[in-house]
Trainee: 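One structure coming up, written as structure tokens, with questions to follow.
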Amino acid sequence: VDDDALQFLKKPTIKFKDIGGMDKVKDEIALKIIKPLQHPELYKAYGKKIGGGILLYGPPGCGKTHIARATAGEINANFINVSINDILDMWIGNSEKNLHEIFEIARRNTPCVIFFDEIDALGANRSDVNKSSGRTIINQFLSELDGLNNDNDGVLILGATNTPWHLDPAFRRPGRFDRIIFVSPPDLEARKAIFAIKLNGKPTEIVDTSEIAKKSDQFSGADINAVIDVAIEQKLTESFKDGIPKPLKSRDIVKAIKKVKPSTKEW
Ligand code: ATP
């Protein structure tokens, strides 16, 4: 593997505790992806097959990439974040080669989580990819997922799409993306946790995030980032005068909530 290829191999530092809500998703990932790596003998005792990936779907900004990264962080694994659009190449044959390289890098650097974003792109009618070459990349993807001679041991696969119903059904067979999980917009409890995580370590007087969680219905995790950003900019301006950081209060956040548009309405 050359240095260039290794540049996109990263060991994430975030863990499940850095993610608000998503309890069901965390449990499923633990049982299907993390535990088999830690306790293969137990799975064997019950005759439970190991392998296969998880496909996450749901509105943007609600933590799909974040939880994939945290999965790697939980087990101190390498992490490769691939957008399918990036590997689709207008030169016939290159997309397959790109995809194969990614799997090869992961296989040489186990344990490794590969996160495939924008899987919907495989079903798209791209003007620069004709029908038959579109099929070739799908077949290549399927055979990489299957692996030969257990060469995918220690390679953990997560994917994300906004339109799981458009996915070629071949992807859903056992050992491939055989589990599909909806990542919903954060509910009240999840938003409470997300606010607490994001405020942690910053100058703040907020001890209870219930109120701001109530007032941010339909806000995604990414929207909450934006809210906190707006509030911080305001506080910075106030703090420039005497150089002393002014603590964030609930009412600063409430004001900022009014300035940011929630993005998960239609879900
Ligand atoms: P997209 O479909 O646009 O790729 P996504 O679901 O992958 O969206 P992320 O990139 O994971 O969204 O989330 C965007 C940012 O929002 C993250 O970097 C993270 O800071 C924050 N975020 C989202 N959900 C959560 C969560 N449950 N807990 C903590 N932070 C979150």
Trainee: Check for me, please, whether F177 and F182 land in the same ILVMFWY cluster - side-chain distances under 4.5 Å, paths through other members count.
Mentor: yes
Trainee: For a side-chain contact (heavy atoms from CB on, under 4.5 Å) with K64, tell me which candidate from T161, N162, V25, L158 qualifies.
Mentor: N162
Trainee: Does any donor atom in the side chain of N98 or S95 lie under 3.5 Å from an acceptor atom in the other side chain?
Mentor: no
Trainee: Taking all non-hydrogen atoms of both residues into account, name the closest pair between E205 and P247 and its distance.
Mentor: OE2-CG, 3.6 Å
Trainee: Same cluster for L188 and I212 if Ile/Leu/Val/Met/Phe/Trp/Tyr side chains link at under 4.5 Å?
Mentor: no
Trainee: What do the steps show when you test D153 against T110 for side-chain contact (heavy atoms from CB on, under 4.5 Å), and what is the final call?
Mentor: CA-CA 8 Å; D153 280 356; T110 56; over 6 Å; no
Trainee: Can you give me the closest heavy-atom contact between I119 and G159, atom names plus distance?
Mentor: CD1-CA, 4.0 Å
Trainee: For a side-chain contact (heavy atoms from CB on, under 4.5 Å) with L55, tell me which candidate from I157, I181, L167 qualifies.
Mentor: L167
Trainee: Would you check if there is a donor-acceptor pair between the side chains of Q218 and T264 at a distance under 3.5 Å?
Mentor: no
Trainee: Indicate yes or no for a side-chain donor-acceptor contact from S216 to the backbone of F219 under 3.5 Å, with no hydrogens or angles considered.
Mentor: no
Trainee: Mind checking whether L31 and I54 sit in one hydrophobic cluster, side chains of I, L, V, M, F, W, Y counted as touching below 4.5 Å?
Mentor: no
Trainee: Going by ring pair (Phe, Tyr, Trp, His ring centres under 6.0 Å), name the pairs with one or both residues in residues 102-122, residues two or more places apart or in two chains.
Mentor: F103-F116, F116-F141
Trainee: Looking just at side-chain N and O atoms, do S210 and D208 make a donor-acceptor pair shorter than 3.5 Å?
Mentor: yes
Trainee: Whether R107 and E104 form a salt bridge (side-chain N of Lys/Arg under 4.0 Å from carboxylate O of Asp/Glu) is what I want to check.
Mentor: yes
Trainee: Is there a continuous path of hydrophobic side-chain contacts, each under 4.5 Å between heavy atoms, that joins L199 to V260?
Mentor: yes
Trainee: With a 4.0 Å cut-off, would you call R172 and D178 a salt bridge?
Mentor: no
Trainee: Rounded to the nearest 0.5 Å, what separation is found between the CG atom of L236 and the NZ atom of K246?
Mentor: 10.5 Å
Trainee: So, D18 side chain and K15 main chain: donor-acceptor pair closer than 3.5 Å or not?
Mentor: yes
